[in-house]
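Right, one structure below, let's go through it.
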Amino acid sequence: MIRITLPDGTAREVARGTTPADIAAAIGPGLAKAAIAARVDGELRDIMRPIEADAQLALVTSRDEADALELARHDFAHILAEAVQALYPGTQITFGPSTDDGFYYDVMAPATRGPFTMDDLPAIEEHMRAIIRADKPLRREVMARDALIASWQNAGESFKAEWAAELPEGEELSVYWSGNDWMDMCRGPHLASTGKLDPAAFKLTRVAGAYWRGDQNNPQLSRIYGTGWLNKKQLDAHLLRLEEAAKRDHRRLGQEMDLFHLQQEAHGSVFWHPNGYLIWRELEGYMRRAIDGAGYKEVKTPQVMDARQWEQSGHWGKYRANMFVIPDEVPNVDDEGPVISGDADWMALKPMNCPAHVLIFRQGIKSYRDLPLRIYENGCCHRNEPHGALHGLMRVRQFTQDDAHIFCREDQIVEEVQAFCALADRVYKEFGFTYSIKLALRPEQRFGSDADWDKAENELRDAVVRAGLATSEFGWEELPGEGAFYAPKLEWHLTDAIGRTWQVGTIQSDRVLPERLDASYVGEDGARHRPVMLHRAIFGSYERFIGILIEHYAGRFPVWLAPVQAVVATITSEADGYAHDVTAKLKAAGIRVEADTRNEKINYKVREHSVAKVPHLLVVGMREAEEGKVAIRSLGSDGQRIMTLEEAIDMLKHEATPPDLR
RNA sequence: GCUGCUGUAGCUCAGUGGUAGAGCGCGUCAUUGGUAAUGACGAGGUCGGGAGUUCAAUCCUCCCCAGCAGCACCA
């Protein structure tokens with residue numbers, strides 16, 4: 001007999017080999033029906049898997065949503081693989097986990113046909129539903145390693161065989177049978193049968209290429225994605241959320257609001273339109289005030305530098321594949337010959353600002369009294385990104401960083417990092433973001449000694465701990481191998497209005513570049529010392545930050561950032577004179593305002609400016625003109641507020657004030 | 001860079017082996033209307049680029065470019 005302890009503290013003596021399903025049945029028929037899995041000593045397990053020893057048992061029902069979703073999605077993935085193999089014999093299966101909103105499965109299409117496409121999805125979905133309707137039992141079986149490998153090889157499943165052979169020696173190799181005719185190697189757990197799934201609660205969404213084991217040197221598989229839920233209501237709600245997210249896509253809003261455009265002749269670089277550049281200018285002003293207040297000095301450095309400089313900084317060796325390289329010569333003007341000779345010296349557009357800032361630091365002799373020296377630049381950088389990586393404003397080839405480098409002594413690092421944490425906190429909060437902080441640790445490819453990396457990692461960790469931010473509330477986490485080649489990184493991940501996260505801010509503690517570029521200062525002892533260099537950014541890049549803001553605000557910018565803050569719209573042309581008067585006074589008060597005196601109905605104007613997401617619409621007719629008032633209709637509310645022109649100006653002036661100046 | 005899909009008017013999209021169409025937008029005219037689309041008329045496209053097949057290509061084939069989804073990459 002073994003002893004099973006339930007969550008309420010009661011215990012039962014049952015025979016060894018009793019399943020959680022048996023225990024659920026013993027407790028009551030309702031629970032027996034509702035139970036879909038079990039937690040045995042905290043581990044999620046099949047409801048039908050026998051318990052072999054004394055254990056804590058908690059039965060899992062669909063009310064335990066996170067567990068239930070995980071189980072359902074994992075089952076959907078298996079059924080997807082089973083359906084694909086049933087429909088397309090010769091398809092090899094590899095791996096299929098659950099995701100945040102569903103599942104995917106990576107398969108290798110048979111050699112006789114190309115990769116799977118969207119056109120294949122309806123048939124696969126239909127077959128998945130048939131498998132669910134068939135209510136096939138899902139049965140766990142432990143197999144001997146050699147037998148399992150042999151069975152995969154016999155079945156022509158070379159990927160599975162490779163994987164099975166590499167699983168750790170001691171690990172129990174379990175497979176799951178769907179009925180008696182299909183099985184997959186899997187750690188589990190699974191639901192008791194396919195019929196536990198709701199056939200209306202999933203949808204296959206797309207097909208894409210994905211490399212075997214995530215390595216681009218390996219064969220490319222077809223990855224079939226689906227979204228999966230417990231019921232149709234949840235699925236529909238999810239599909240609706242996707243639609244809402246698509247509506248706030250910055251590429252779409254950028255066009256609708258006339259903020260910027262991209263075109264193939266300059267792919268990866270942004271054409272900022274007047275409306276979009278107004279947002280940029282506001283952010284630039286905001287950031288200048290922030291860094292001025294925090295003791296930084298702003299500089300501007302060259303776009304192009306000689307390759308020898310990039311060799312010395314190490315970028316030529318480690319980063320050249322992503323640099324735009326330029327021959328240092330006068331191009332051949334004879335149309336018959338090649339434009340460049342091919343034997344000129346090379347120059348390169350800067351992919352980052354750090355070396356240039358070190359060169360500024362190196363001018364003259366620096367004393368310990370000059371430290372910390374904080375050098376800031378709105379630095380325009382070019383990186384030759386892989387074409388497939390480009391994405392609207394989020395990943396571009398020309399971008400401007402709010403970049404600064406803090407040159408300091410070792411004993412100033414923690415203090416400087418802490419001050420940066422405070423500055424970043426203020427900025428992100430003023431834009432309405434919450435955030436988490438992660439520490440990215442040394443990568444495999446790196447410069448510098450292990451001792452320096454130990455120090456650098458400890459300093460960053462220490463600063464966050466002292467700032468009180470190394471807590472789960474701030475999502476504190478360490479990410480092995482994710483650091484830059486010259487330094488570990490603290491990363492700020494923002495959470496936007498609909499819960500997505502974006503990595504933007506960073507601070508990195510670097511001992512490599514000062515060494516390579518020979519930066520030094522004279523210490524109190526009169527000797528030369530190496531400064532440590534802290535690389536840091538808050539917006540990350542203006543392009544990307546604006547893209548994030550567009551999606552975060554869904555285009556409904558706070559007044560201080562809105563390109564057009566107010567429109568004065570007339571009801572009849574008799575009010576035109578008053579409208580122009582109002583507009584002039586608002587302009588004089590510093591408001592970005594436009595007059596709409598077109599010969600259109602007020603309904604039309606209200607609609608148009610609402611769609612354009614203008615925060616305030618000041619409607620004026622003869623009534624307002626005679627009384628010296630305006631009727632304000634604000635974005636997001638249906639009603640209007642009548643107020644005097646002076647009151648309206650005060651209100652708009654207040655709302656148009658950046659948060660740091662209020 | 002890899003896999004798949006897409007590229008037609010300023011925008012969103014329909015369509016055809018015989019040189020193209022809608023809605024919105026734009027222009028003109030009429031209408032002066034009180035809070036999410038007034039009506040009429042009109043202008044606007046070498047159908048992403050190049051080559052090939054064909055009597056004839058926007059449509060079929062091939063190559064290139066870009067965009068989209070994902071993968072890889074993001075120092």
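Being a predicted model, the structure only gives us computed values, none of them experimental. Naming: A, B, ... by sequence-line order, numbering from 1 per chain.
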[X] near the nucleic acid: base, sugar-phosphate alone, or nothing, with a heavy-atom cut-off under 4.0 Å?
X        : answer
A/Ala631 : base
A/Gln255 : sugar-phosphate
A/Gly314 : nothing
A/Phe116 : nothing
A/Pro115 : sugar-phosphate
A/Tyr104 : nothing
A/Arg251 : sugar-phosphate
A/Met622 : base
A/Ser610 : base
A/His391 : sugar-phosphate
A/Tyr604 : sugar-phosphate
A/Glu624 : base

Which one, [options], comes nearest to the side chain of [X]?
X        : options             : answer
A/Arg223 : B/G1, B/U35, B/C71  : B/C71
A/Ala208 : B/U38, B/U32, B/A69 : B/A69
A/His267 : B/G67, B/C73, B/C71 : B/G67

Taking atom types as they are modelled, is there a donor-acceptor pair under 3.5 Å from the base of [N] to the side chain of [X]?
X        : N     : value
A/Tyr211 : B/G70 : no
A/Arg206 : B/A69 : no
A/Arg395 : B/C73 : yes
A/Arg633 : B/A36 : yes

Is the gap between the ring centers of A/Phe116 and A/Tyr88 under 6.0 Å?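 Yes, the ring of A/Phe116 comes within the 6.0 Å limit of the ring of A/Tyr88, centre to centre.
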
With a 4.0 Å cut-off on N to O distance, would you call [X] and [Y] a salt bridge?
X        : Y        : answer
A/Glu608 : A/Lys605 : no
A/Lys438 : A/Glu491 : no
A/Arg530 : A/Asp452 : no

Report the base-pairing partner of [N] (Watson-Crick or G-U wobble, both distances below 3.5 angstrom), or none.
N     : result
B/A9  : none
B/C55 : B/G18
B/C62 : B/G50
B/G4  : B/C68
B/G27 : B/C41

In whole angstrom, give me the gap between the [atom1] atoms of [N] and [M].
N     : M     : atom1 : value
B/G17 : B/C73 : C1'   : 44 Å
B/G67 : B/U58 : P     : 25 Å
B/A37 : B/C71 : C1'   : 44 Å
B/A57 : B/A40 : P     : 40 Å
B/G18 : B/C47 : C1'   : 16 Å
B/A9  : B/C5  : C1'   : 24 Å
B/G25 : B/C13 : C1'   : 14 Å
B/G48 : B/C11 : P     : 13 Å

Could you tell me how far apart [X] ([atom1]) and [N] ([atom2]) are, to the nearest whole angstrom?
X        : N     : atom1 : atom2 : result
A/Leu204 : B/G70 : CG    : P     : 16 Å
A/Arg623 : B/G33 : CZ    : C1'   : 13 Å
A/Glu543 : B/C74 : CD    : C1'   : 15 Å
A/Ile602 : B/U38 : CD1   : P     : 11 Å
A/Gln264 : B/A66 : CD    : P     : 7 Å
A/Phe271 : B/G10 : CZ    : P     : 16 Å
A/Arg252 : B/C24 : CZ    : C1'   : 14 Å
A/Asn218 : B/C2  : CG    : P     : 16 Å

What does the list of N/O pairs under 3.5 Å between the protein and nucleotides 43-47 of chain B look like, with a distance for each?
none

Report yes or no: does A/Trp453 contribute a side-chain atom to a donor-acceptor pair with the main-chain N or O of A/Phe447 at less than 3.5 Å?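 Indeed, once roles are kept as given, a pair shorter than 3.5 Å links the two residues.
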
It should be established whether A/His387 places a side-chain nitrogen or oxygen under 4.0 Å from OP1 or OP2 of nucleotide B/A66.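 Affirmative; the distance criterion is met.
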
Going by heavy atoms in the side chains, are [X] and [Y] under 4.5 Å from each other?
X        : Y        : answer
A/Met128 : A/Leu204 : yes
A/Gln309 : A/Leu359 : yes
A/Tyr376 : A/Asn353 : no
A/Lys318 : A/Tyr486 : no

Can you work out whether A/Leu390 or A/Ile642 has the more 5'-proximal nearest nucleotide on RNA chain B?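 Looking at the nearest nucleotide for each, A/Ile642 comes out on the 5' side.
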
Closest nucleotide of RNA chain B for A/Phe399 versus for A/Gln220: which of these residues is on the 5' side?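 Checking each residue's closest nucleotide, the 5'-ward one belongs to A/Gln220.
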
Could you tell me whether the side chains of A/Arg641 and A/Ser634 share a donor-acceptor contact shorter than 3.5 Å?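 A pair is found: one side chain offers a donor N or O, the other an acceptor, under 3.5 Å apart.
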
Do A/Arg213 and A/Trp163 pass the side-chain contact (heavy atoms from CB on, under 4.5 Å) test, and can you show the C-alpha distance, the side-chain angles, and the key distance before you say yes or no? CA-CA 10 Å; A/Arg213 300 182 145 201; A/Trp163 195 357; 3.8 Å; yes

